[in-house]
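Step one of this worksheet: look at the structure below.
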Amino acid sequence: MSAEQQHRDGQAADPGPRSLAQALRERDDASLGALLRSRPDLLHPVPTDVTQLATRAGTRASVLRALEHLDRFALQAAEALAVAPDPASYQELLDLLAGDDGDEEVAGALPATVALLRERALVWGGEDRLRLVRTARELLAPSASHSSPTGLGPSVAEATSGMSPGRIQAILTAAGLPHTHDAVSAVAALSALFADRERVAELLEGAPEASREVLTRLVWGPPYGQVTAEPAAHLRWLLDRGLLLPTTPGTVVLPREAALSLRGGRAHRVPEPTRPQVAVAAERKPQVVDAAAGGQALAALDTVEELLRSWDEGGPAVLRAGGLSIRDLKRTAAVLEVPEPVAAFWVELAYAAGLIASDGGYVEEHHDRHDRHDDDGEGYEDEETRDARTRRRSGEAEHYAPTPEYDAWRDLPPADRWAWLLEAWLPGTRTPGLIGGRDGRDRTLSALGPGLDRSPAPEVRRRVLELMAELEPGQAPAPATLLERLRWERPLRSAGPRREQPEPPRAGVRPAYGGGVAPNDPEALRTKLTEWALLEAEMLGVTGRGALATHGRALLGTEGRSEGAGSGATAAGSARATVVAALLAPLLPEPLDHVLLQADLTAVAPGPLVRPLAEALGVLADVESKGGATVYRFTPGSVRRALDAGRSATELHAFLDRHSRTPVPQPLTYLIDDVARRHGLLRVGAASSYVRCDDESVLDEILADRRATALRLRRLAPTVVAAQADPRTLIEGMRAMGFAPAAESAEGDVMIARPHAHRTPPRTPPAPVPDGPPAPDATLLTAAVRAVRAGDRAATAPRKDTPEAEAPGGLPRTSPADTLATVQAAAMTGESVWIGHVNAEGAASQRLLAPLRVEGGYVTGYDHTADEVRTYALHRITGVAELADEADGAEPAR
């Protein structure tokens, strides 16, 4: 037995419900919960009854959202129903999708698709009376101004609605049909002619070749064309026979019935009942994939740490409109040694993870959180708020800097730090790939600036990983087939015929990251989001050599934090982060506590270093190259930097001897001793500034040097020289002349130059911008279904006809004395009554109440509408109405 025959046999012969509300009312709780799960926007707020649920399910915004979450074949079925008669039978829908020749794949997939459309309340009605929700029909059906997404135009009846009866009769005569007595029967006869495949073929046998070419161009849409006041003969032939009907002056359309006959009964040129399969581009050993991903994860951590370290004393200034300037992004890219779009990704990732922020933005937006009051009621501000406001008043620019969370993140093990970043990346809606492009107002989108949130990004990112997880471990997907699968699962609906899809990336071609995307182009955005998800996953180490790693699969198997962005212990301690970190940890090398010193004044770190060693070595030497092994180079400037930080030559020798697996080379020992011997020989302090030295000959040499002319030096004493320059400029000038001066304090002590770590006030990471309300959990669904059922039972309970007038909105109206007497009597007899209630905000509602107790100006009872015991003030009850007799004894169970 065929699938469609089983579908028909399983349906009742009755015409089914008369409305969407009745169809929903007949569902069981599981089916109603499935509707609310698939369309969570219906839950906010929870509907009071089934009628309100049906009304909300038919609103334009809700229907649009539901259509956008259909797969391609389900959307094709909805589009076919929109051009079918209303109501349509299951067989008519099947014929529109499968065509005259039939299609076994379509016939096999259609029952499940119709069930899906029913579940999501887009289709209702019996087997022979399928109805598309009215709003969906209005969105998908053709009109006089635009065609259906199927490429079909209006029907004969719709296209001829304003045509004169004489013109319609003339068309009948030219088409070889007899005259009729009225326009309605004439339109019906013409529609029947065009719906008959054989008669249309006979009619076209005598058509000019040019006329048939016109129909060929219009048959698959768009079905509209332009004609002049004096159309050509081949167009006149079509107009005379109604194969082209005028819609507006100068515009004609191919009627829907004729187009379907020429198409062989198909509503779509290519029905797509089966989902495309993701092809495998390459297959590698899972161990190789995991090792490559682990290396990428370590590189990602090093890059983020290098970024934060470069901004540790205060990063770039914040633009007035928000974000980084192009110049600052270029500088950051140079520091990280990556292209600018990639640098923008790392900056955005650190921002999403809560590791960097503006040092004044938090106080500007949330200064009320820092307000305090003393016992006398006088307000005062904390130090951070006061400092930030002082900076703004003085015109000092705000800068980006690490947050206090950075210190907590830096102290975590490497695997936990990586998991923290992934907790921010996976649900994030900020899209770094857009940086450098233009927004809808033709303004450049900047890193850390506004306008980068794209709500589809998390869904695309997660779905890409899920499709990769469906492959066998070690298999890398072909990007083009992955993109085609995503397009089938979430086709982008448009008002007209579906446009040609952007060209997918060719196999073996790696697209560049970034570059932006044209505004208001959702198809191009979906393509770019897919490409960016693959590239970002590779850069982060979620994938290795194009295949999903073991710890990447764990990202999909364990739930993380619902709020999305990472912050502090919450990010590090979530269930997903714990599992992922445990899987990644064995793939990361253990930090080393030693380096290899070489005779060419370099040190090689064969792996990641423990933090104290890396920080100390970063001061003593300059990083020359990065990779699997980091190469540090010792220079006079780097050694002087360590001496300025308060380290002595003896301490530096001991440090190198302790952390080197090779003997300390003699050239390095000489370099440290030579720089240390000259370091501090000259002392620079603030007069305007001055230089003092116990060796008079050194000062003589400085004064005789032409390079000191710009410093405008003057000798005050044999061992003191004054300068008309600030101390910093003087120190730099002395160093440019080959000396190694040391800064001096007001007390004459050598000043130690230690880096000053700048931190922003505590802040919350940017919250993702969701694509609609979040999916409800099981507890919320159960409570919502229960509330809807209770409200529906209460709303459908009939009232007695009473002579009392009703308040506006249908609320019962009785006097206060009658209200009190009625609820007291109901409390004694245990009956339920209708009450009208107005709350403190002025919102009016009707409640079905079973009073239990009346005292103190309040009535307490079981509210069947809310399905719980509630108390109402008597003075807020507008009136009371008794239930009809047939409803007595059939009240909802408590």
- Query: Got a sec, which residues hit side-chain contact (heavy atoms from CB on, under 4.5 Å) with P663, two or more places apart in sequence or on another chain?
  - Reply: none
- Query: Is there a donor-acceptor contact under 3.5 Å from the side chain of T403 to the main chain of A357?
  - Reply: no
- Side chain W418, main chain L540, donor-acceptor under 3.5 Å: yes
- Query: Got a donor-acceptor contact below 3.5 angstrom from the R461 side chain to the A533 backbone?
  - Reply: no
- Task: List for me each residue that meets side-chain hydrogen bond (donor to acceptor under 3.5 Å, both in side chains) alongside D453, sequence neighbours excluded, and say none if there are none.
- Result: T429
- Query: What's the spacing between E624 CD and T630 OG1 if we round to 0.5 Å?
  - Reply: 11.5 Å
- Search all heavy atoms of G322 against all heavy atoms of P450 and return the closest pair with its distance. O-CD, 4.2 Å
- Message: If you count heavy atoms of other groups shown closer than 6.0 angstrom to CZ of R327, is the number above 12?
- Response: no
- Any donor and acceptor pair, going by atom type alone, linking the side chain of D359 with main-chain N or O of H399 inside 3.5 Å? yes
- Item | D290 and H551 side chains, donor-acceptor separation under 3.5 Å | no
- Query: Got a sec, which residues hit salt bridge (Lys or Arg N to Asp or Glu O under 4.0 Å) with E651, two or more places apart in sequence or on another chain?
  - Reply: R647
- Mind checking side-chain hydrogen bond (donor to acceptor under 3.5 Å, both in side chains) for S697 and listing every partner two or more places apart, or none if nothing turns up? D695
- Task: Would you please name every residue forming a salt bridge (Lys or Arg N to Asp or Glu O under 4.0 Å) with E340, sequence neighbours left out?
- Result: none
- Query: Short question: side chain of R430, backbone of L452 - any donor-acceptor pair under 3.5 Å?
  - Reply: no
- Query: Where the side chain of T662 meets the backbone of L596, is there a donor-acceptor pair that is under 3.5 Å apart?
  - Reply: no
- Query: Excluding sequence neighbours, so at least two apart, what forms salt bridge (Lys or Arg N to Asp or Glu O under 4.0 Å) with R284?
  - Reply: none
- Is the backbone of A317 close enough, under 3.5 Å, to the side chain of E398 for a donor and an acceptor to pair up by distance? no
- Listed partners of R661 passing salt bridge (Lys or Arg N to Asp or Glu O under 4.0 Å), at least two apart: none
- Message: For the backbone of T635 and the side chain of R640, can you confirm whether one donor and one acceptor N or O come within less than 3.5 Å of each other?
- Response: no
- Return yes if some donor-acceptor pair links the side-chain N/O of R576 with the main-chain N/O of L422 below 3.5 Å, else return no. no
- Query: Hey, what do you get for CG (L319) to CG (D328), rounding to the nearest 0.5 Å?
  - Reply: 7.5 Å
- With sequence neighbours excluded, tell me which residues meet ring pair (Phe, Tyr, Trp, His ring centres under 6.0 Å) with W346. none
Determine all donor-acceptor pairs shorter than 3.5 Å in which one atom belongs to a side chain in residues 699-706; sequence neighbours excluded.
unit_1: D700; atom_1: OD1; unit_2: R715; atom_2: NH1; d: 2.2
unit_1: D700; atom_1: OD1; unit_2: R715; atom_2: NH2; d: 3.3
unit_1: D705; atom_1: OD1; unit_2: R707; atom_2: N; d: 2.9
unit_1: D705; atom_1: OD1; unit_2: R707; atom_2: NE; d: 3.3
unit_1: D705; atom_1: OD2; unit_2: R707; atom_2: NE; d: 3.4
unit_1: D705; atom_1: OD2; unit_2: R707; atom_2: NH2; d: 2.9

Check: residues 719-726 side-chain donor-acceptor pairs under 3.5 Å, at least two apart:
unit_1: Q724; atom_1: OE1; unit_2: R712; atom_2: NH1; d: 3.3
unit_1: Q724; atom_1: OE1; unit_2: R712; atom_2: NH2; d: 3.2
unit_1: D726; atom_1: OD1; unit_2: R728; atom_2: N; d: 3.2
unit_1: D726; atom_1: OD1; unit_2: T729; atom_2: N; d: 2.9
unit_1: D726; atom_1: OD1; unit_2: T729; atom_2: OG1; d: 3.1
unit_1: D726; atom_1: OD2; unit_2: T729; atom_2: OG1; d: 2.7

- Where do L301 and P414 come nearest, in terms of heavy atoms and distance? CD1-O, 3.3 Å
- Could you tell me which residues satisfy side-chain hydrogen bond (donor to acceptor under 3.5 Å, both in side chains) with R677, sequence neighbours excluded, listed by chain and number? D674
- So, the side chain of W311 versus the backbone of Y400: is there a donor-acceptor pair under 3.5 Å, distance only? no
- Would you call D312 and R309 a salt bridge, using N to O less than 4.0 angstrom? no
- Query: Applying ring-ring contact (aromatic ring centres under 6.0 Å, His included), which residue pairs with at least one partner in residues 630-664 are found, sequence neighbours left out?
  - Reply: F655-H659
- Note on the structure: Rounded to the nearest 0.5 angstrom, the CE-CG distance for M539 and L534 is 11.0 Å
